[in-house]
Amino acid sequence: MASKISVSIGMTGKEFVEKNNLGGSVRVDRQPAGLNFYEYDWPLDNRGTIAFVHGEYGFEVDDVLSIMCPEDADSKEGGFEDISINFGFAGGGDVSHDVVRKEFLDFLEELKSLGWTRVIAYSDPRLTGVEAYNFYKNDTFYSFPLDYRPSMDEWMALEDAQWRLRADGVFIDIEFHRDSKKMDPEGLGSYLFVMKIQSAEQFAKGQFKPEDRDKWSDLWEEEIRTLKRQRYNKEDQIKNAGGTIDTDYEDPVVHPKDPVEVEQ
């Protein structure tokens, strides 16, 4: 049983196995659709650590239950473009809600200190702090602000919250699930955190319907203009209501024509 596994975007399945001395302990699910899924699991009572390698932005995730990395069987040399990690905090199992809250928010602070920054969907308004939190309460698909630490009451009320970050061409989404039967804030809860790490190309493809993803580069400018018009319409409503737009926010650069601009 490996206690720590290193992984990175672009790492091949062969490198993943050899670098981490996994031998036959890694499970490879070879799908007819042309994807090989490399999976490694830890027992509930003996969790592992993932070291995500990304230069100065690299970090470690503890209390890991599993990792899964799909590889394109027809172009293995391209390596992993998606990595999914299931993990917890405070040792996992039944844990204090407040301890999990604090440890997770401290983990986000660590990522920020390494240079990871927030990603806001192209169609969503550029808000920060309490204004971003209030927008999230009405639209739980909104990227949760990194500069807002929810109180205990707010933490217990979170539903479908997602934290989205980026650094040097790599994108991260983090969300959590918890046992709805263990929601007493004074008692213990059960949490599962999911981190999805993607390459810039996979992030870009995610802006499109499945049938258009192979053409994402050709469709990019038109699609982003459409989405940003939606953003600016929302921002106009917010400004008219007295809100503040974070005009310093910069969208990711994932296409040669970025940043795509439209008239506001």
Side-chain angles (χ1 to χ4, degrees), residues 4-12 15-16 19-20 48-64 67-71 78-87 89 103-129 132-133 136 141-150 161-176 193-208 216-217 220 224 227-228 231 246-260:
K4 181 187 287 189
I5 284 179
S6 296
V7 69
S8 61
I9 291 294
M11 174 182 278
T12 67
E15 291 170 338
F16 179 68
K19 181 178 180 63
N20 295 296
T49 296
I50 295 294
F52 179 65
V53 180
H54 189 42
E56 62 187 285
Y57 306 103
F59 57 87
E60 291 189 357
V61 183
D62 296 320
D63 291 329
V64 177
I67 180 172
M68 182 178 71
C69 311
E71 174 187 71
F80 301 145
E81 291 195 82
D82 293 275
I83 299 167
S84 182
I85 302 169
N86 292 332
F87 65 108
F89 285 94
E103 289 196 7
F104 173 60
L105 296 177
D106 288 347
F107 175 63
L108 292 178
E109 288 294 333
E110 177 190 349
L111 293 181
K112 285 172 58 180
S113 72
L114 291 171
W116 292 85
T117 58
R118 180 176 172 223
V119 177
I120 301 174
Y122 293 99
S123 60
D124 281 341
R126 298 162 293 171
L127 303 173
T128 61
Y133 170 71
Y136 154 80
F141 289 101
Y142 189 60
S143 172
F144 202 92
L146 295 178
D147 60 347
Y148 187 82
R149 290 179 70 93
Q162 298 180 70
W163 289 260
R164 302 185 179 104
L165 306 92
R166 72 179 192 260
D168 193 26
V170 171
F171 294 77
I172 292 176
D173 279 8
I174 307 174
E175 61 184 37
F176 69 82
F193 284 79
V194 180
M195 176 185 290
K196 296 181 180 179
I197 309 174
Q198 291 185 314
S199 68
E201 183 169 338
Q202 289 300 100
F203 167 81
K205 289 180 178 180
Q207 312 304 312
F208 296 87
W216 76 271
S217 185
W220 183 256
I224 299 307
L227 295 175
K228 292 184 82 168
R231 167 187 284 173
D246 179 18
T247 55
D248 290 332
Y249 174 80
E250 297 180 357
D251 287 308
V253 175
V254 296
H255 188 278
K257 297 294 181 65
D258 282 340
V260 175

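Heavy atoms only: backbone and side chains are in, while hydrogens, waters and symmetry mates are out.
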Student: Looking only at atom types and distance, does a side-chain atom of R164 sit under 3.5 Å from a main-chain N or O of F171, one as donor and one as acceptor?
Tutor: no
Student: Less than 4.5 Å apart, any side-chain heavy atom of W220 and any of V254?
Tutor: yes
Student: Given side-chain contact (heavy atoms from CB on, under 4.5 Å), test L127 with Y136 step by step and report yes or no.
Tutor: CA-CA 10 Å; L127 303 173; Y136 154 80; over 6 Å; no
Student: Kindly compute the distance separating CG (L111) from CD1 (I172), expressed to the nearest 0.5 Å.
Tutor: 6.0 Å
Student: Set out, in order, the CA-CA distance, both residues' side-chain angles and the distance that settles side-chain contact (heavy atoms from CB on, under 4.5 Å) for W216 and H255, then state yes or no.
Tutor: CA-CA 10 Å; W216 76 271; H255 188 278; 3.8 Å; yes
Student: Please find the pair of heavy atoms, one from I224 and one from V260, that lie closest to each other, and give the distance.
Tutor: CG2-CB, 3.8 Å
Student: Could you give the distance from CD (Q198) to CG (D173), rounded to the nearest 0.5 Å?
Tutor: 6.5 Å
Student: How long is the gap from CZ on F59 to CD1 on I50, to the nearest 0.5 Å?
Tutor: 10.0 Å
Student: Locate the shortest heavy-atom distance separating K196 from S84; write the atom from each residue and the value.
Tutor: CG-OG, 4.3 Å
Student: Can you tell me how far apart NZ (K228) and CG (D251) are? Round to the nearest 0.5 Å.
Tutor: 4.5 Å
Student: Would you check, one step at a time, whether the test ring pair (Phe, Tyr, Trp, His ring centres under 6.0 Å) holds for F107 with W116?
Tutor: CA-CA 12 Å; F107 175 63; W116 292 85; 9.9 Å; no
Student: If you measure from CD on E81 to CD on E71, what distance do you get to the nearest 0.5 Å?
Tutor: 11.0 Å
Student: Just one of I9, V7, I174 clears the side-chain contact (heavy atoms from CB on, under 4.5 Å) bar with I197, so which one?
Tutor: I9
Student: Keeping to residues at least two apart or across chains, list the salt bridge (charged side-chain N to carboxylate O under 4.0 Å, His left out) pairs with something in residues 48-61.
Tutor: K4-E60
Student: Ignoring hydrogens and geometry, is there a side-chain-to-backbone donor-acceptor pair from D147 to G129 under 3.5 Å?
Tutor: yes
Student: Are any non-hydrogen side-chain atoms of Q162 and V119 less than 4.5 angstrom apart?
Tutor: no
Student: Without swapping roles, check the side chain of E109 against the backbone of L105 for a donor-acceptor pair under 3.5 Å.
Tutor: no
Student: May I have the step-by-step check of side-chain contact (heavy atoms from CB on, under 4.5 Å) for V170 and F52, ending in yes or no?
Tutor: CA-CA 11 Å; V170 171; F52 179 65; 4.0 Å; yes
Student: Restricting to non-hydrogen atoms, name the atom on V53 and the atom on S6 that form the minimum distance, rounded to 0.1 Å.
Tutor: CG2-CB, 4.3 Å
Student: Distance check, rounded to the nearest 0.5 Å: F16 atom CZ versus I67 atom CD1?
Tutor: 4.5 Å
Student: Could you walk me through whether T247 and Y249 satisfy the side-chain contact (heavy atoms from CB on, under 4.5 Å) test, starting with their C-alpha distance in whole Å, then the side-chain angles of each, then the deciding distance to 0.1 Å, before giving a yes or no?
Tutor: CA-CA 5 Å; T247 55; Y249 174 80; over 6 Å; no
Student: Assign the ring pair F104 / F193 to parallel, tilted or perpendicular, where the plane angle (0 to 90°) is split at 30° and 60°.
Tutor: tilted
Student: Of all the heavy-atom pairs spanning G10 and E15, show the shortest one and how long it is.
Tutor: O-OE1, 4.3 Å
Student: Taking all atoms of both residues into account, what is the closest heavy-atom pair of D62 and F87, and its distance?
Tutor: O-CB, 3.7 Å
Student: Mind listing the closest non-hydrogen atom pair of R118 and R166 along with its distance?
Tutor: O-NH1, 3.2 Å
